[in-house]
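Worksheet: one structure, shown below.
First the proteins, then the strands, lettered A, B, ... as listed; each starts at 1.
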There are 2 protein chains.
Amino acid sequence: MQLDERSKQILKAIVLSYIKNAQPVGSRSITERYDFGVGPATIRNIMSDLESGGFLSHPHTSAGRVPTEKGYRFYVDTLFEEETFLKNQSRITLEAEQLVQREDAGQLLQDTSKLLSDLTHYMAIVSVPKMSEARIRHIEFVRLRANCIMTITVSEAGFVQNKFFDLEKDISQRSLNHISDYLNSLYTGMTLDGIRKKMKRQMEKMEDLYDHLESEAFELTKQAMHELHTTDTGELYTDGAVHIFDLPDFSDVKVMKGLLKAVKEKKAVIELLDKYIGSDGVQVFIGSENRFLGNHGCSLVVSQYKRGDRVLGALGVIGPTRMDYSKVIPLVDSTAKQVSRLLEDLS
Amino acid sequence: MQLDERSKQILKAIVLSYIKNAQPVGSRSITERYDFGVGPATIRNIMSDLESGGFLSHPHTSAGRVPTEKGYRFYVDTLFEEETFLKNQSRITLEAEQLVQREDAGQLLQDTSKLLSDLTHYMAIVSVPKMSEARIRHIEFVRLRANCIMTITVSEAGFVQNKFFDLEKDISQRSLNHISDYLNSLYTGMTLDGIRKKMKRQMEKMEDLYDHLESEAFELTKQAMHELHTTDTGELYTDGAVHIFDLPDFSDVKVMKGLLKAVKEKKAVIELLDKYIGSDGVQVFIGSENRFLGNHGCSLVVSQYKRGDRVLGALGVIGPTRMDYSKVIPLVDSTAKQVSRLLEDLS
DNA sequence: TCTGGCACTCTATTGGTGTGAGTGCTAAAA
DNA sequence: TTTTAGCACTCACACCAATAGAGTGCCAGA
């Protein structure tokens, strides 16, 4: 279906109006608010065309038109004006600069989610990089009591994780320190899995001549790997869940509850982010283009953030399908870039 | 005002009925559900007395009676049957046993809040002990990059905290290890503040003969102390916020939102818990007996948990004023005891 | 002191009606 | 051929009145 320029403009006007007021928009209000130089009847005809094209729909016979998901998609894909992007860019970056400059990358992500939700008034989500895939800057073992130690891993990007596990054999703190020193001096910048593999290769080369320290270090690394892989299901920071109370779209308590519950469970959201973490730049998922979003009648604007060339995670905004894409998209975009930059600085 | 036995029983019946149905209770339904051997008219008279005594109130002329806060208070204080306590005890302890036996005390508290909210269907809150007041089992410094280190403190109770801070002078990881060793070997079991004071005394005694290591250790401890004191505003785990959607009491979206927002901010709740953390055993705060609760029309059942003789924090349940105290009180009680026991085991 | 009965009050529900916003269609105008 | 004006029609919603129902308060009698 091809739309002529005027139809596009009218579709855009309808989407904008609906984004703003959350009310079905009638032919009359279009002629009043926007000057297309035509009367309501003409608008009605065009609306009718747009409806048969699948861009608009009708709640009931005598209500105004409402954009369908296809309508939103069309709006986002083709009607989006580059100028809006640029107009907002400077302001947003300014606000993002105010993110506390911390050494703690986890805190940075948490602040980011708060910033995103405050600026958009929607719900923000930020996924935390998986430690099991991260390159390690530092690893440390602490003996808590007999047969029980804690490992602290700091990734290159500045994320920290503590893990507890039991050992068959008790190891003194002194030995643990030696092992940490050994690992840190030789293997920084690799993933835990990489460390394990490299150690294994080295040990095999030296056959049974490898020294005691190395063997213990290997065992510990193996355990830490295992622990990380079994428990590292991915973390998620969310913020601004309360905002959904302010949205007329979610006046239905059941929908609100469902969404809150789903986000609380986190798993579905993490999968959602993981799935689309691969592609570059901002992505927009509208309603039923994704199972999760469709079930809750909302959309997701998401972008990946990275450190150097490595994609670390994704951050984005979940809002109603009729959310203000022209604001949210550039905001998510610049926030992701800002986070990437800040993570770069923490090195 | 003195109530005779029958009045008490009827008051109790009204509170129970209202707890169960969240509906004003009429004289008729009392005679139907409970056998007091009297007619509705008699009940009405007694209700009238209870109302003038301030235990009941009237939404409007022809509605049933609703307990006032004074009514709840009376119910909780005097009508509570010890048998209910014991009856539930075994079941609850059983469920609490299933809390994952982890080495990580933080995880334990998080699991606890989930357990509490799952069992009660209200919102659960658990405060985390302040690291600045805790006795330290282990302290560790990690150099992240020039002039920037991270300290990891593990408390005796098993809580872990990471803090980042900048140093004027760069210190190598090797020196940091020595300092950690030094601190751990001499000062475990004291609070950070205690360590600092003791070191200072020792340094003064030895005057300017104290060695280099000790001086650096002292500086680091001072910094860590400072960092902990400025950022250690208290942590809070909450769970089950979504449950408030199921409560008819909070059908008003505004009230829900207010409560959620307040709990999200955490500060007010932490203050609330801190305030009453001193007293032993379960405490019940009903509605406007406390500012925070009154504003949101809810009550708090709370108990402290400890490790040995030291009170570490508090845990409890926030629910509507008409919550089922006979279930919640023993649950909170036994959960607190269970948590205390588990923390004891982690040593 | 308790009870039955009766009048009274107030809420919630139901059904009917009018209004307004909006569409769809058709015929006339441009 | 495109646009417009007009008109009939639909539907949601607010408003109103009537009614049912639950509950109280009070009084007279057991």
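- One finds a side-chain N or O of Arg6(A) lying less than 4.0 angstrom from the OP1 or OP2 phosphate oxygen of dT3(D).
- Closest contact between the side chain of His60(B) and the listed nucleotides dC10(C), dT4(D), dG24(C) involves dC10(C).
- Rounded to an integer number of Å, the gap from Gln23(A) CD to dG22(C) C1' is 13 Å.
- Across the protein-nucleic acid pair, Ile14(B) atom CD1 and dG23(D) atom P stand 12 Å apart, rounded to whole Å.
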- prompt: Please walk me through it: do Asp333(B) and Thr335(B) pass side chain to side chain donor-acceptor pair (under 3.5 Å)?
  reply: CA-CA 5 Å; Asp333(B) 186 52; Thr335(B) 306; over 6 Å; no
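- Under 3.5 Å, the side chain of Arg44(B) and the base of dG25(D) form at least one donor-acceptor pair of N or O atoms.
- Between Ser62(B) and Gly37(B), the residue whose closest nucleotide on DNA chain C is further toward the 5' end is Gly37(B).
- If you measure from atom CG of Asn21(A) to atom P of dG22(C), you get 12 Å, rounded to the nearest angstrom.
- Between the CG atom of Asn45(A) and the P atom of dT26(C) there is a distance of 12 Å, given to the nearest Å.
- Side-chain nitrogen and oxygen atoms of Thr42(A) include none within less than 4.0 Å of the OP1 or OP2 phosphate oxygen of dT2(D).
- Put simply, OG on Ser27(B) and CD1 on Ile10(B) are 10.5 Å apart, with the number rounded to the nearest 0.5 Å.
- DNA chain C is contacted by both Val38(B) and His58(A); Val38(B) maps to the nucleotide lying nearer its 5′ end (nearest heavy atom per residue).
- Under a cut-off of 6.0 angstrom, the local environment of CG in Asp4(A) is crowded, with over 12 non-hydrogen atoms contributed by other residues, nucleotides or ligands.
- Applying the 6.0 Å contact sphere to CZ of Arg73(A) captures more than 12 heavy atoms from other residues, nucleotides or ligands.
- In the set dT4(D), dT9(C), dG4(C), the nucleotide with an atom closest to the side chain of Ala41(B) is dG4(C).
- To the nearest angstrom, P of dT23(C) lies 5 Å from CZ of Arg65(A).
- Atom pair Arg28(A):CZ and dG20(C):C1' shows a separation of 11 Å (rounding to whole Å applied).
- One interatomic measurement links the two molecules: CZ of Phe36(B) to P of dC2(C), which rounds to 14 Å at whole-angstrom precision.
- Put simply, CZ on Arg33(B) is 13 Å from P on dA22(D), counting in whole angstrom units.
- Side-chain N/O atoms of Thr61(B) include none lying less than 4.0 angstrom from OP1 or OP2 on dG23(D).
- Ring planes of Tyr18(A) and Tyr72(A): tilted class, angle from 30 to 60°.
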